[in-house]
Number of protein chains: 2
Amino acid sequence: MKEQRSVLVIEDERAILRLLRDVLEHENLIVFEASTGRMGLVELGSRRPDLVILDLGLPDMDGKAVLRDLRTWSQIPVLVLSARGNEEEKVASLDAGADDYLVKPFGVPELLARLRALLRRSEGPIGKGPIYRLGSVCINMVTRSVTKSDAEVHLTPVEFRLLSELLRAEGRIATQRHLLREVWGPGHESSSHYLRIYMGHLRRKLEDDPARPRYLLTETGVGCRCLCERLADPDLAV
Amino acid sequence: MKEQRSVLVIEDERAILRLLRDVLEHENLIVFEASTGRMGLVELGSRRPDLVILDLGLPDMDGKAVLRDLRTWSQIPVLVLSARGNEEEKVASLDAGADDYLVKPFGVPELLARLRALLRRSEGPIGKGPIYRLGSVCINMVTRSVTKSDAEVHLTPVEFRLLSELLRAEGRIATQRHLLREVWGPGHESSSHYLRIYMGHLRRKLEDDPARPRYLLTETGVGCRCLCERLADPDLAV
DNA sequence: TTTTTTCTTTACGGTATTTTTACGCCAACT
DNA sequence: AGTTGGCGTAAAAATACCGTAAAGAAAAAA
């Protein structure tokens with residue numbers, strides 16, 4: 001069972017918005033929408049999509065300002081759409097944190113291919129293989145499925161995001177601040193509460209003995225780390 | 001001092017190759033070169049660059065074939081260059097594993113901005129930090145892990161902060177005032193007591209003979225210092 | 001709508017860490 | 001010798017942090 005991925009479209013032109021919604025939903029993506037930069041940032045915080053499509057020409061604020069803002073707390077992939085095809089604008093946007101830049105009018109197949117490329121990248125830690133193992137637990141970042149002793153384990157969206165961040169840290173400690181930011185968005189950096197609750201959920205679902213965790217560890221006062229082994233890791237560059 | 005990154009350019013046109021080498025080196029990148037697909041794959045395996053620029057029109061094999069081949073074992077970011085700007089070609093390349101696609105003739109600033117975006121993604125939090133050694137004790141500042149004769153040693157937050165400050169001084173004396181301010185914050189500059197207690201903790205955990213310390217020394221009335229060796233950063237696990 | 005799932009909030013017992021307190025040692029002076 | 005000030009250790013006390021359960025609220029699904 002493949003988990004669906006979501007995309008937030010920040011775009012004020014109705015026509016393009018409708019077009020995008022249609023083609024993206026046809027790609028089996030969940031589509032969230034926002035028509036201003038401010039709303040976009042709010043939606044981003046509450047919906048936590050896997051990807052953002054950002055129009056540079058928004059009514060309330062400059063697209064690059066939106067980018068800079070979100071880049072202060074999130075690493076989410078962003079594809080910028082713009083009517084402006086001049087080089088300075090491209091360079092400025094990419095350097096402000098965009099991952100790709102597409103000039104309108106764009107070809108839908110190309111847009112989708114570029115989105116697939118971005119999603120492929122964000123499936124797992126960069127340069128790492130998409131499959132992880134913690135004891136009897138397997139995590140496939142491509143299909144976003146988790147199994148324990150070959151039995152499917154269902155994770156809620158928050159649980160999966162938290163696990164992803166832990167895996168991304170690759171055995172290093174992920175600080176509480178960082179995890180809270182990446183999973184719950186800015187403004188939750190002090191609710192270390194959630195962290196304990198959801199670490200508890202993950203342990204109960206994934207550890208053999210949740211009370212004595214072997215893989216999902218917490219460093220008191222600092223953060224958490226996940227001792228994981230990567231299976232299908234084609235890239236040796238660690 | 002920022003770590004230098006490397007890029008492999010797979011391109012058969014001499015003129016473009018020279019141009020790329022110049023601008024990339026000017027960007028402080030190490031440039032490797034290959035003029036055929038086959039050589040490119042070999043170089044890729046031996047040089048392990050951080051990034052690949054791949055021309056689609058190679059003399060010996062199709063660029064997409066190169067891409068598919070390398071994607072069976074490497075997740076390295078690839079930017080495709082091509083004279084062909086038609087959409088099918090873009091989609092095919094992106095779906096074959098390319099991360100970006102730029103049509104020739106391209107603007108150098110845009111190329112560089114796209115490369116920066118790709119490198120930004122792959123540098124990620126996978127930072128390699130300094131490693132220190134005191135006898136049989138190893139301290140990795142990034143993973144925040146401490147081992148003594150290969151056994152994991154657990155340090156509390158205060159213990160780790162204190163040790164970090166001592167290591168940062170690299171053998172020089174850190175005054176009591178300084179340590180107290182850095183570890184316990186301003187306002188505790190006179191509680192030199194804490195220092196003795198926590199130096200004791202560190203000695204008991206890290207020294208072979210805590211009563212006769214070899215590495216964690218105190219200079220009576222002045223401060224403390226740590227005789228440590230700074231090793232090269234944890235390297236690529238080739 | 002109702003039902004189900006997921007997220008947030010609240011409560012509380014247990015554990016880890018930090019701070020406080022107490023006491024012994026040594027070297028340098030009176 | 002006795003005193004003094006800085007150091008080192010060991011514990012108890014206080015605090016901060018962690019893990020779990022469960023109920024209420026919100027969102028999603030039926």
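Convention: sequence-line order gives letters A, B, ...; per-chain numbering from 1.
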Legend entry - Close side-chain approach of Leu67(A) and Val78(A), heavy atoms under 4.5 Å: yes
Legend entry - Out of dT20(C), dC7(C), dG19(D), whichever nucleotide has its closest atom nearest the side chain of Thr218(A): dG19(D)
Legend entry - Presence of Tyr198(B) side-chain N/O under 4.0 Å of dG8(D) phosphate oxygens OP1/OP2: no
Legend entry - Closest nucleotide among dG19(D), dT9(C), dG8(D) to the Arg203(B) side chain: dG8(D)
Legend entry - Ile197(B) CD1 to dA10(D) P, straight-line distance once rounded to whole Å: 12 Å
Legend entry - More than 12 heavy atoms of other groups within 6.0 Å of Asp209(B) CG: yes
Inset, instruction - Would you mind reading off the distance between Leu162(A) atom CG and dG19(D) atom P, rounded to a whole angstrom? - result: 12 Å
Legend entry - Of the listed nucleotides dT20(D), dT9(D), dT10(C), the one nearest the side chain of Ala211(B): dT9(D)
Inset, instruction - Begin with the C-alpha distance, continue with both residues' side-chain angles, and end with the deciding distance and a verdict on side chain to side chain contact (heavy atoms under 4.5 Å, CB included) for Glu159(A) and Lys205(A). - result: CA-CA 10 Å; Glu159(A) 285 163 4; Lys205(A) 289 184 177 181; 2.7 Å; yes
Inset, instruction - Check every atom of dC18(D), dT8(C), dT21(C) against the side chain of Gln176(A) and return the nucleotide holding the closest atom. - result: dC18(D)
Inset, instruction - Take the protein atom NE2 of His193(B) and the nucleotide atom P of dA10(D), then report the distance between them rounded to whole Å. - result: 14 Å
Inset, instruction - Give a yes/no on whether any side-chain N or O of Arg196(B) is located under 4.0 angstrom from OP1 or OP2 of dG8(D). - result: no
Inset, instruction - Using a cut-off of strictly less than 4.0 Å, decide whether Arg204(B) has a side-chain nitrogen or oxygen near OP1 or OP2 of dG8(D). - result: no
Inset, instruction - Output yes when Arg18(A) and Glu33(A) qualify as a salt bridge under the 4.0 Å nitrogen-oxygen rule, no when they do not. - result: no
Inset, instruction - State which of dT20(C), dT17(C), dT8(C) makes the closest approach to the side chain of Trp184(A). - result: dT8(C)
Inset, instruction - Remember a base hit wins even if backbone is also touched, and classify Arg212(B) as base, sugar-phosphate or nothing at under 4.0 Å, heavy atoms. - result: nothing
Inset, instruction - Rounded off to whole Å, could you give me the CZ-to-P distance for the Arg161(B) and dT17(C) pair? - result: 13 Å
Legend entry - Tyr194(A) side-chain proximity, nearest of dT17(C), dT8(C), dT20(C): dT8(C)
Legend entry - d(CD, Glu159(A); C1', dT8(C)) in whole Å: 14 Å
Legend entry - Ser164(B) side, atom OG; Ile139(B) side, atom CD1 - distance, nearest 0.5 Å: 8.5 Å
Inset, instruction - Could you state the atom-to-atom distance from CG of Leu217(A) to C1' of dG19(D) in whole Å? - result: 14 Å
Inset, instruction - Provide, to the nearest angstrom, the distance between the CG atom belonging to Leu216(A) and the P atom belonging to dG19(D). - result: 11 Å
Legend entry - Pro157(A) side chain, from C-beta outward: closest of dT18(C), dT6(C), dC18(D): dT6(C)
Inset, instruction - With heavy atoms under 4.0 Å as the rule, sort His188(B) into base, sugar-phosphate or nothing. - result: nothing
Legend entry - dT17(C) phosphate, OP1 or OP2, under 4.0 Å from His154(B) side-chain N/O: yes
Legend entry - Closest to side chain of Thr156(B), choosing from dC17(D), dT21(C), dT18(C): dT18(C)
Legend entry - From CG (Asp95(A)) to NZ (Lys90(A)), nearest 0.5 Å: 13.5 Å
Inset, instruction - Rounded to the nearest angstrom, tell me the gap between atom NE2 in His201(A) and atom P in dT8(C). - result: 11 Å
Inset, instruction - Look at all strands and tell whether Phe160(B) reaches a base, only sugar-phosphate, or nothing, counting heavy atoms closer than 4.0 Å. - result: nothing
